[in-house]
Engineer: 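I have a structure here, written as structure tokens, and I will follow up with some questions on it.
For ligands, and for the atoms within them, numbers begin at 1 and follow the listed sequence.
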Amino acid sequence: MNPLLLTTLPTRELLFGVEDSVVLTFHYVLFVLAAIVFLVGAYKWYRFISTGRRDEERLDNLGSRIWLMLKDGFAFVRLYVREAKMGIMHILILWGFILLTIGTIVLTIADHTPFEFFKGTFYLIHEFLMDSAGVAFLLGLAIAIANRYGLKPSRFKKKWEKANDDGLVLILLVVIGILGFLVEGMRIAIGMDAYTAYIGALLGRILPWGLGTYRFLWSAHSILALIFIALIPFTKLAHVIAAPLNILTRSNRHPGVARGIEDEEYMGAIEVKDLQWRDLLSSLACMRCGRCQDACPATNSNTTLSPMHLMQNLRYLGNTAFGMLGMRGNLKEGQDTMLLDNVLDMEAVWACTTCRACMEMCPVYIEQMEIIQEMRRGVVESGEAPPDIRDLLTNITKQRNPWGEAKYKRDAWAKDVGVPKVKDNPEFEWLWWVGCAHSFDNRNKPIAVKIAQILEELGINYATLGREEGCCGNDVRRVGEEGLFQMLKEENETAFQKYGVERIIATSPHCFNTFKNEYEGYNVKFLLEVIYEAIKDGRIKFKKPINRKVTFHDPCYLGRYNGMYELPREILKAIPGIELVEMPRNREKSFCCGAGGGNLVREYPGDDRPNNIRAREAAETGADVLAVACPFCMIMLEDGVKSVGVDDRLQVLDVIELVWESAFSEE
Ligand code: SF4
Ligand code: SF4
């Protein structure tokens with residue numbers, strides 16, 4: 001190319017004003033120091049993460065994992081669909097930062113290589129993109145600051161007391177961004193930059209020019225950027241690296257399947273090293289956004305449990321065990337790495353209702369609930385479970401139901417109904433698994449009678465196990481008694497084999513989830529699926545209008561565990577007269593009734609129980625019926641509406657009762 005033409009192309013002097021070798025050498029030394037500090041911190045966390053177990057496949061189907069990481073870790077789709085403003089904020093900050101970093105690397109290459117590409121159109125576009133990236137970066141930070149310190153959404157309410165770097169990180173980034181523009185503005189003030197650097201051009205008109213000030217600002221910008229790099233492993237900034245890796249390694253298990261136990265010697269999570277390595281990585285990926293605790297019934301009930309604190313405490317424990325720079329031995333050398341009381345206290349371990357809301361809400365797929373379940377296994381195995389959990393396990397062991405009702409009473413509800421048993425109807429097609437709540441609880445027993453009548457009316461060839469029915473094992477597994485769960489499973493499978501059971505209709509979402517996802521080889525339907533099919537093919541015809549305003553409460557084990565959100569609503573909408581209204585927290589955001597994970601039969605800790613909170617939410621919709629599709633929810637919410645004093649205007653009814661009333665009632 002004509003060298004004269006080259007000189008006429010727009011460009012600028014690289015490293016203008018700081019080409020002085022002393023200044024540059026100082027910054028190169030600082031860069032090496034920042035890189036060393038970063039690597040020391042990263043190595044500490046690598047050693048921390050390496051102490052975890054390797055039980056679960058976390059890198060299979062790599063293609064789809066990488067796609068998920070790009071989608072949710074870099075494009076923030078999961079966050080955007082739930083909270084558009086926060087999704088945009090993250091995109092602005094991350095992509096602004098990435099573009100600025102790439103632009104700086106390009107400058108470095110241009111300055112340190114003989115290639116003369118930093119001129120003409122390339123140069124003009126580069127300057128434009130750098131300014132645009134800077135604007136995006138600062139705009140994103142402004143939204144973050146306004147949200148955290150101005151709007152203060154409820155998710156920030158329960159703070160993690162040891163956190164002291166939230167403000168520091170934001171201020172550091174803002175100052176780096178502003179300094180970048182000031183440096184550019186000063187350069188332009190003496191005609192040393194392009195018009196496409198539009199923010200710099202604007203500043204260049206108003207900033208006073210002075211080489212000393214310029215050098216000071218350039219150095220401050222550079223030093224702060226290097227401090228930022230060095231701080232990444234030591235602050236919440238670690239999530240910038242850990243969060244995409246955490247998304248990459250999310251579990252591919254079905255949501256309804258609890259973590260299995262691969263190692264026979266594993267007794268549950270007692271120390272940090274008993275957790276999976278991915279759980280330890282997750283503790284770095286957690287950016288204290290508070291979304292999990294905002295959705296958590298235990299946190300909302302003011303118990304000591306916060307899934308966010310769990311993750312932060314775990315990271316803190318690793319930090320303490322290894323020392324700030326990772327020089328202090330390792331986790332296998334008898335340091336205090338016990339999980340109980342260090343990451344969760346006893347109340348918190350048992351306050352979890354296993355609702356999965358934390359996992360559903362977490363933008364980076366952290367498995368808080370599964371860590372709690374691992375800890376429960378550890379507590380149960382250590383013989384330290386609280387008395388009410390021990391009672392629950394004893395009741396199920398002896399009588400196969402959580403209340404300890406005598407086994408022989410299991411089929412008493414059906415004595416006047418003529419429900420067929422497997423021995424009476426050996427040619428049955430479907431086994432109706434009645435479940436403990438429908439068999440023993442007084443509010444649910446009449447619903448079981450209506451279910452029997454509906455199955456009869458629909459001409460379904462079914463039978464029950466009668467007194468031979470036991471416990472599916474759902475709660476047992478969720479409170480951490482894996483051995484008893486396996487025993488119950490084996491016992492039930494033996495009975496299924498004996499009577500040739502291949503298809504199961506379940507009437508509790510808890511039993512449904514367990515048979516469908518944690519037993520193998522059965523065709524399992526939830527009762528409402530059977531009802532829905534019958535409505536569709538005309539076997540159920542609604543006769544009587546139900547002129548009531550109804551709000552539906554999603555059961556966790558139906559919704560978040562099995563993705564069944566619309567089907568119960570479709571049934572309710574099919575009933576003439578019903579006006580369906582939604583609570584603000586519905587579908588995957590639904591708020592748990594508080595019964596799961598063994599809490600149905602416990603005195604729940606905290607000063608505002610989940611069922612009371614949910615009953616108030618339902619009453620606020622103005623509905624006069626709170627419809628449920630789970631016998632546990634029925635028990636909890638009936639209690640809730642009474643406790644908060646809205647039972648005179650809000651009736652809790654099972655969807656089945658509404659179907660029966662409209663289609664089968666003779667009155
Ligand atoms: S599963 Fe539910 S109760 Fe348990 S920690 Fe998560 S949100 Fe809280
Ligand atoms: S665990 Fe997830 S949802 Fe909870 S604070 Fe951390 S990043 Fe946010």
Engineer: May I ask you to list the atoms of ligand 2 that are less than 4.0 angstrom from any heavy atom of M308?
Structural biologist: 5 (S)

Engineer: Tell me the protein N, O or S atoms under 2.8 Å from atom 6 (Fe) of ligand 1, in chain and number order.
Structural biologist: C358 SG

Engineer: Taking atom OH of Y149 as the centre, does the number of heavy atoms from other residues, nucleotides or ligands within less than 6.0 Å exceed 12?
Structural biologist: yes

Engineer: According to salt bridge (Lys or Arg N to Asp or Glu O under 4.0 Å), who are the partners of R614, at least two apart in sequence or on a separate chain?
Structural biologist: E617

Engineer: Could you check atom 6 (Fe) of ligand 2 against the protein and tell me its nearest heavy-atom contact, residue, atom and distance included?
Structural biologist: C286 SG, 2.4 Å

Engineer: With no hydrogens and no angle check, do the side chains of Q312 and R288 hold a donor and an acceptor under 3.5 Å apart?
Structural biologist: yes

Engineer: Less than 4.5 Å apart, any side-chain heavy atom of T353 and any of Y604?
Structural biologist: yes

Engineer: Considering residues, nucleotides and ligands other than K162, do more than 12 of their heavy atoms fall under 6.0 Å from its NZ?
Structural biologist: yes

Engineer: Heavy-atom contact under 4.0 Å between M361 and ligand 2?
Structural biologist: no

Engineer: Give me the residue, atom name and distance of the protein heavy atom closest to atom 2 (Fe) of ligand 2.
Structural biologist: C362 SG, 2.4 Å

Engineer: Give a yes or no on whether the ring-centroid distance for Y43 and F48 is below 6.0 angstrom.
Structural biologist: no

Engineer: Taking 4.0 angstrom as the limit and counting only heavy atoms of P363, give me the atoms of ligand 2 inside it, by number and element.
Structural biologist: 3 (S)

Engineer: Give a yes/no answer: is there an N/O/S atom of C289 under 2.8 Å from atom 2 (Fe) of ligand 2?
Structural biologist: no

Engineer: Could you check whether D60 pairs with R65 (Lys NZ or Arg NE/NH1/NH2 to Asp/Glu carboxylate O, under 4.0 Å)?
Structural biologist: yes

Engineer: If the contact criterion is a heavy-atom separation under 4.0 Å, does A285 count as touching ligand 2?
Structural biologist: no

Engineer: For K236, enumerate each residue passing the side-chain hydrogen bond (donor to acceptor under 3.5 Å, both in side chains) test, keeping only those at least two apart in sequence or located in another chain.
Structural biologist: D166

Engineer: Can you list everything that forms a salt bridge (Lys or Arg N to Asp or Glu O under 4.0 Å) with R377? Sequence neighbours excluded, please.
Structural biologist: E374, E482

Engineer: Check each atom of ligand 2 against the heavy atoms of I366 and keep those under 4.0 Å away; list them by number with element.
Structural biologist: 1 (S), 2 (Fe)

Engineer: Which of these, K589, R560, R569, R585, sits in a salt bridge (charged side-chain N to carboxylate O under 4.0 Å, His left out) with D554?
Structural biologist: R569

Engineer: Should P297 be listed as contacting ligand 1, given a heavy-atom distance under 4.0 Å as the test?
Structural biologist: yes

Engineer: Would you call the rings of H90 and F76 parallel, tilted or perpendicular, taking 30° and 60° as the class edges?
Structural biologist: tilted

Engineer: If you have a sec, work out which protein heavy atom is nearest atom 7 (S) of ligand 2 and how many Å separate them, to one decimal?
Structural biologist: M287 SD, 3.3 Å

